[in-house]
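To keep things clear, I will list the structure first and then write my remarks on it.
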Protein chains: 2
Amino acid sequence: MPPIKVKIADPPSPADPVETIAQAQGQPVAKRALKGAGKGTGKGAGKPKPLTRIQREKQDQILEAALDIFSRHGFRGATIDQIAEQAGMSKPNLLYYFPRKETIYKRLISGLLETWLAPLSEMDASGDPIPEIRSYIRRKLEMARDFPRESRLFANEMLEGAPRVIDMLEGELKALVDEKAKIILGWMDEGKLNRADPYHLIFAIWATTQHYADFDVQVRAVLGRDRGGDGRYEDAAHFLERLFMHGLQPRR
Amino acid sequence: MPPIKVKIADPPSPADPVETIAQAQGQPVAKRALKGAGKGTGKGAGKPKPLTRIQREKQDQILEAALDIFSRHGFRGATIDQIAEQAGMSKPNLLYYFPRKETIYKRLISGLLETWLAPLSEMDASGDPIPEIRSYIRRKLEMARDFPRESRLFANEMLEGAPRVIDMLEGELKALVDEKAKIILGWMDEGKLNRADPYHLIFAIWATTQHYADFDVQVRAVLGRDRGGDGRYEDAAHFLERLFMHGLQPRR
DNA sequence: CTAACGTTTTTCCAACTGGTCAAATTTCCG
DNA sequence: CGGAAATTTGACCAGTTGGAAAAACGTTAG
């Protein structure tokens, strides 16, 4: 019997390019002409306005480019010029769509979060523990493979001490993890999983999967030309499945 | 019988402050007066010169401060001014000891690497597999706890694509991992460990342990006030030990 | 066609950046 | 002590950075 081959879903083809996760619709273009306005209405919460085709396109170009740059150099290390060039437009042109560097960054991050946490959200208390966890690991690994820039953007923010998302970590994220930890604990109580700290289990899943995005250079360098190719995600999936299920110690 | 409490060695006391890993002695101070010199001798490899007390002290102050700044903001995101201020001296003064920003960074990284890889180097083929791996995990976790800035510095370099250390990754690091992977494979052949890809095993150990340094903010935010305190490393050690040894699936 | 709007470009600026240099100050050593 | 060497400082500089302003250009509905 051949070893169980863990199938992880095919990556999107290059012809159908992976689109940026962060596509949250948002405020309309910040118009110079409207600069002083909105002060009377408290939080500037007029009607969202329908966004023209050009606006949508250009904003997407910018966010796509910004993701590239921010994910490699972090917030401080990235420059508007770099992003503008990558997006194929001039700096003032870019600033016409996003008034400040920070605005771009924040849009990226907030657009990212929902998708980023989706796999964990989907973990279902009524499901079978083992398949649920296996599938969570697999989905997380797929995200590392298909959205490595998003992963690195997030990692960069963490390394800086998360100054821009700390509230969300202590709020939404903690709440979600608390909830799922409770579910996992329940499974353990039923004897369907070995007893272990559910929080650290979640950390371990995050760490091992995101590692393949964040430390990609290192992974590829160490695996070398032959083993570091496209197959490495299959290998990783297979390995992680066995690690999380059975560990290393043989049953004597 | 109480659950086995994994002991991880005590952190250095605050009174005996953790010294920077990177303390490689190196070139003497780059003297303005000697600027043009050294061109005749090929690589400027005169005698290393003994370094005065002040030189050692100031260089250490600078490296210590630089580690703080670089590890949070990456190379591009860090400024000499920040480092100088953190080190309690003026920018020109700092530049008297290290002629360029990059010099500081490189010294930091090269001084770090040896120590960073020491735990893996120590993994011994003639030892018992299970204790060897357990102890490797423990040591790695201790390093994440005691040298989080070093871990973050390294992570930052990886996120940027490792432009300054890629050679070392493909050279020394790959060689070391290849060697240890062979040892682990040997152990598996003897039936002393469950069969699994040794490269991905090493990645998993790196990822899970370094996570506690690199994503420290997140870990603390999610664990909350009560569980995120100093005990979290004990909990992590305990969890990782069980995960890597036995996995999650109960033996039916 | 044209006025009104949305978009793009050119020009500009003040703050910050990495780095230099000579002068002033301190330390070291006989 | 006295002077040479080592160290520190203040002034400076050229290039980059985030961003503002306004003029120029394009598009489209009437």
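Just so we're on the same page: letters track the sequence lines, and every chain starts at 1. If you're wondering where the values come from, they're calculated on a predicted model, not measured in any experiment.
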Practice problem: Kindly say whether Gly228(B) contributes a backbone atom to a donor-acceptor pair with the side chain of Arg232(B) at under 3.5 angstrom? | Solution: yes
Practice problem: Could you tell me the separation between the CG atom of Leu95(B) and the P atom of dC13(D), rounded to a whole number of Å? | Solution: 18 Å
Quiz item: So, is Ser90(B) close to the dT9(D) phosphate, meaning a side-chain N or O under 4.0 Å from OP1 or OP2?
Solution: yes
Quiz item: Lys101(A) side chain: which of dT8(D), dG18(D), dG18(C) is closest?
Solution: dG18(D)
Quiz item: Within this structure, what is the CD-to-C1' distance between Glu85(A) and dT17(D), rounded to whole angstrom?
Solution: 15 Å
Self-check item: Between C1' of dG19(C) and CG of Leu94(B), the distance in whole Å
Solution: 11 Å
Exercise. Identify whether any heavy atom of Ala84(A) sits under 4.0 Å from a base atom; if not, whether one sits that close to sugar-phosphate; answer base, sugar-phosphate or nothing.
Key: nothing
Self-check item: Under-4.0 Å side-chain N/O to phosphate OP1/OP2 contact, Arg76(B) with dG18(C)
Solution: no
Practice problem: Could you tell me which non-hydrogen atom of Ile69(B) sits nearest to which non-hydrogen atom of Ala78(B), and how far apart they are? | Solution: CG2-CB, 3.5 Å
Practice problem: Calculate the interatomic distance between Gln82(A) atom CD and dG18(D) atom C1'; express it in whole Å. | Solution: 13 Å
Practice problem: From the options dT8(C), dG19(C), dC21(C), select the nucleotide whose nearest atom is closest to the side chain of Lys58(A). | Solution: dT8(C)
Quiz item: Can you find a donor-acceptor N/O pair under 3.5 angstrom joining the side chain of Lys91(A) to the base of dG18(D)?
Solution: yes
Quiz item: Under 4.0 Å between a Lys/Arg side-chain N and an Asp/Glu carboxylate O for Lys174(A) and Asp178(A)?
Solution: yes
Self-check item: Cation-pi geometry met for Arg164(A) and Tyr105(A) (6.0 Å, 45°)
Solution: yes
Quiz item: dA6(D) phosphate, OP1 or OP2: any side-chain N/O from Gln55(B) under 4.0 angstrom?
Solution: no
Quiz item: Does a nitrogen or oxygen in the side chain of Tyr97(B) sit under 4.0 Å from OP1 or OP2 of dT8(D)?
Solution: yes
Exercise. Please state how far atom CG in Asp81(B) lies from atom C1' in dT9(D), giving the value in whole angstrom units.
Key: 14 Å
Quiz item: Separation of Ile83(B) atom CD1 from dT17(C) atom C1', in whole Å?
Solution: 12 Å
Quiz item: Does a side-chain N or O from Tyr96(A) land closer than 4.0 Å to OP1 or OP2 of dT7(C), or not?
Solution: yes
Quiz item: So, is Arg100(A) near the phosphate of dG19(D), with a side-chain N or O under 4.0 Å from OP1 or OP2?
Solution: yes
Exercise. Classify the angle between the aromatic ring planes of Tyr212(A) and Phe203(B) as parallel (below 30°), tilted (30 to 60°) or perpendicular (above 60°).
Key: perpendicular
Quiz item: Rounding to a whole Å, what distance do you find between Ile80(A):CD1 and dC13(C):C1'?
Solution: 15 Å
Quiz item: Any side-chain N or O of Asn93(A) less than 4.0 Å from the OP1 or OP2 oxygen of dT9(C)?
Solution: yes
Practice problem: Provide, to the nearest angstrom, the distance between the NE2 atom belonging to His73(A) and the P atom belonging to dT17(D). | Solution: 11 Å
